[in-house]
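See structure below.
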Amino acid sequence: MAELYNYSLEMVKPDISLISGFPLTWSRRMFFVTHDFRRDNVAVTQLGASSSTLPKVGSLDWSITTGKQGEVTASTLSVAERHHTPR
């Protein structure tokens with residue numbers, strides 16, 4: 001039971017500093033901190049595409065907002081190709 005409790009705490013209040021491989025910028029607004037991660041030149045493929053389809057080059061933007069006690073209050077993820085943004 002203790003493992004389940006610890007897992008639930010990590011899901012509610014994750015350690016953002018453990019995310020690696022992305023340049024990080026952050027901003028503070030009142031009690032909220034927004035962590036913005038961006039990486040360019042990532043391989044982008046559509047879900048369900050055949051294995052013979054070559055990946056396109058694109059970018060990945062990930063934003064995580066945490067509250068006063070470090071809890072996640074919002075998160076957005078956007079993946080874009082050079083000329084097209086999949087939805």
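Count residues from 1 along the sequence. In this text the structure is predicted, and so the values were computed from the model without any measurement.
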Could you identify which residues cluster with Phe31, counting Ile, Leu, Val, Met, Phe, Trp and Tyr as linked when any side-chain heavy atoms lie under 4.5 Å apart, either directly or through a chain of such contacts? none
Counterpart residues, side chain to side chain donor-acceptor pair (under 3.5 Å), relative to Thr73 (two or more places apart): none
Given side chains that start at C-beta, do those of Arg38 and Ser59 come closer than 4.5 Å, heavy atoms only? yes
Report the residues that fulfil side chain to side chain donor-acceptor pair (under 3.5 Å) with Arg39, sequence neighbours left out, ordered by chain and then residue number. none
Selection residues 25-37 - residue pairs positive for side-chain hydrogen bond (donor to acceptor under 3.5 Å, both in side chains), sequence neighbours left out: Thr34-Thr65, Asp36-Ser63
Heavy-atom pair of closest approach, residues Ser75 and Trp62: OG-NE1, 3.2 Å
Which residues pass the ring pair (Phe, Tyr, Trp, His ring centres under 6.0 Å) test with Phe22, sequence neighbours left out? Phe37
If hydrophobic clusters are built from ILVMFWY residues whose side chains come within less than 4.5 Å, do Val42 and Leu24 share one? yes
